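Atoms within a ligand are numbered from 1 in the order they appear, just like the ligands themselves. Throughout, residue positions are numbered sequentially from 1 according to the sequence presented. Fair warning: this is a prediction, and the values are worked out from it, not measured in the lab. Values below: all heavy atoms of this structure, side chains included; hydrogens, waters and symmetry mates excluded.
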Amino acid sequence: MSTNQLDKKSEAWSALFSEPMSELVKRYTASVFFDKRLWQADITGSLAHAEMLAAQGIIGAADLASIQQGMAQITSEIEAGSFEWKLDLEDVHLNIEARLTQLVGDAGKRLHTGRSRNDQVATDVRLWLRSEIDLIIPLLGELQVALVEVAEKNVEVIMPGFTHLQVAQPVSFAHHLLAYVEMFSRDAERMVDVRRRTNRLPLGSAALAGTTYPLDRERVARKLGMVDERGEPQVCQNSLDGVSDRDFAIEFTAAASLCMVHISRFSEELILWMSQNFGFVKIADRFTTGSSIMPQKKNPDVPELARGKTGRVVGHLMGLITLMKGQPLAYNKDNQEDKEPLFDTVDTLKDTLRIFVEMVGGQPNPATGAKEGGITVNAVAMEEAAKKGYATATDLADYLVKKGLPFRDAHETVAHAVKAAVTHNCDLSELPLSVLQGFNASIDKDVYECLSLRGSLNARNTLGGTAPAQVRAQIARHRARLG
Ligand code: ARG
């Protein structure tokens, strides 16, 4: 086929085709307008393949030099925005290869020796996703640092802890924030794990069965950094599997979904805490919007959108996993549909993490270097709220147990005390000693220490508990871990 014929994909296959594609079918089957995003990975993969072909004596050194020079030219054209992407050439791979052949002639046509678009695209998606995971992991670190910084300033701030959204027991606000640090640290671990399985080389699987050329797949893997912690090359060991499975993309989207679910839970709490009924925290105005009709409003748009976008990412997970279901081995065109959900998952997650890093922790003031504009905390409102729901009732039960009562009896005794407090419209700590002693004679005036919010907090001094000493130890552990 002549170089010019490669401009038309319908003519790029072979003489076998007797009629051209309709415009509708062309548009339906093309992916170039979204998969051109893979161009860098595509060129990197092609260069590694070409270098190996030359090293194995499958193509000549002059061909390799031409391919390298042509790819350098294509790189600058794409970066400058002057590269002409053609729908007729279907996808990023055919577009780049056609331009290469236009630029360097036969050497360009030799690049595809021992390769298929099937192993090419699987390699490109893996390379691209790996580089995105390498951006996401540090963002998860930054978000954890931002939360730890806010926690550090609020170890002694007491808020009501909830179960069933009913006031349960007092907790340190820092302790509450550190719960999210745990979640995001597991999200980061999951990303590291997904990266390991993403970072394996399909190239060399060719269309599905492997290739007749003496390829050195491990050399390509090393060149592309597809190696494990010990530097051993990571190569997909079965050609059928290498070209066809997208489980790494599904796993990534599952990890991203979990991370978004954590962000969504945090968002829900921010939205509640910012409402007039709670008044626990404020976020900077630039993350909120007003109302077109109600002048008093400041709506928490960013947390609300993050909660909403979580549905979108979980939807992508459903899309990808359903895409895989029912595909016979090996490659099927269905897999072209992996890209848009994957791209959108990456974009949504990265943007959400970036915005949360700033919304939680603020931005450094250029003059002082100190961070400003993060979450602000209304400690008084939190403490007032903690006083409302008999949050220290469990402490009274524990007090009675220490006096010798079985826990179930203590539980029942305290229920009577709470009922009395409800009747008198006061807190447990406001019931006179004589009234408390009416419920159990062993109650003494030291009970008031355990009925106070601070006493309750301090008493939970076991690993993972909310006592300030424990919370400070956790902050130190996170600080050391996060560097
Ligand atoms: N654009 C295709 C994709 O994204 C490339 C692979 C096409 N392979 C094929 N045999 N049609 O999956």
Q) Is there a donor-acceptor pair under 3.5 Å between the side chain of S205 and the backbone N or O of L208? A)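 Not at all, since once roles are kept as given, no pair shorter than 3.5 Å links the two residues.
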
Q. If you count the atoms of ligand 1 from 1 in the order shown, which ones are under 4.0 Å from a heavy atom of K339?
A.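 Counting from 1, the qualifying ligand atoms are 3 (C), 4 (O), 12 (O).
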
(Q) Using a 4.0 Å cut-off to any heavy atom of S31, which atoms of ligand 1 qualify? (A)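 Every atom of ligand 1 under 4.0 Å from some heavy atom of S31: 1 (N).
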
Among all the protein's non-hydrogen atoms, which is closest to [atom], and how far away is it?
{"atom": "atom 8 (N) of ligand 1", "answer": "N118 OD1, 2.9 Å"}
{"atom": "atom 12 (O) of ligand 1", "answer": "Y331 OH, 2.4 Å"}
{"atom": "atom 11 (N) of ligand 1", "answer": "R117 NH2, 3.4 Å"}

Q) Are any of the N/O atoms in Q336 less than 3.5 Å from those in ligand 1? A)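 Indeed, backbone or side chain, Q336 has an N or O that close.
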
Q: Using distance alone, determine whether D91 and ligand 1 share an N or O pair under 3.5 Å.
A: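 Checking ligand 1 against D91, an N or O pair does fall under 3.5 Å apart.
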
Do [Y] and [X] meet the salt-bridge criterion of a basic N to acidic O distance under 4.0 Å?
{"X": "D35", "Y": "K339", "result": "no"}
{"X": "E251", "Y": "R246", "result": "no"}
{"X": "R265", "Y": "E268", "result": "no"}

Q. Any side-chain donor-acceptor pair under 3.5 Å between Q327 and N335?
A.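 Short answer, yes.
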
Q. Does the pair W273 and H176 meet the rule for a ring-ring contact (aromatic ring centres under 6.0 Å, His included), with working shown?
A. CA-CA 13 Å; W273 294 344; H176 195 109; 5.1 Å; yes

Q. Given that the side chain starts at C-beta and the backbone is N, CA, C, O, which of these parts of Q120 lies under 4.0 Å from ligand 1, counting heavy atoms, or is it both or neither?
A.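 For Q120, there is no contact with ligand 1 at all, from either part.
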
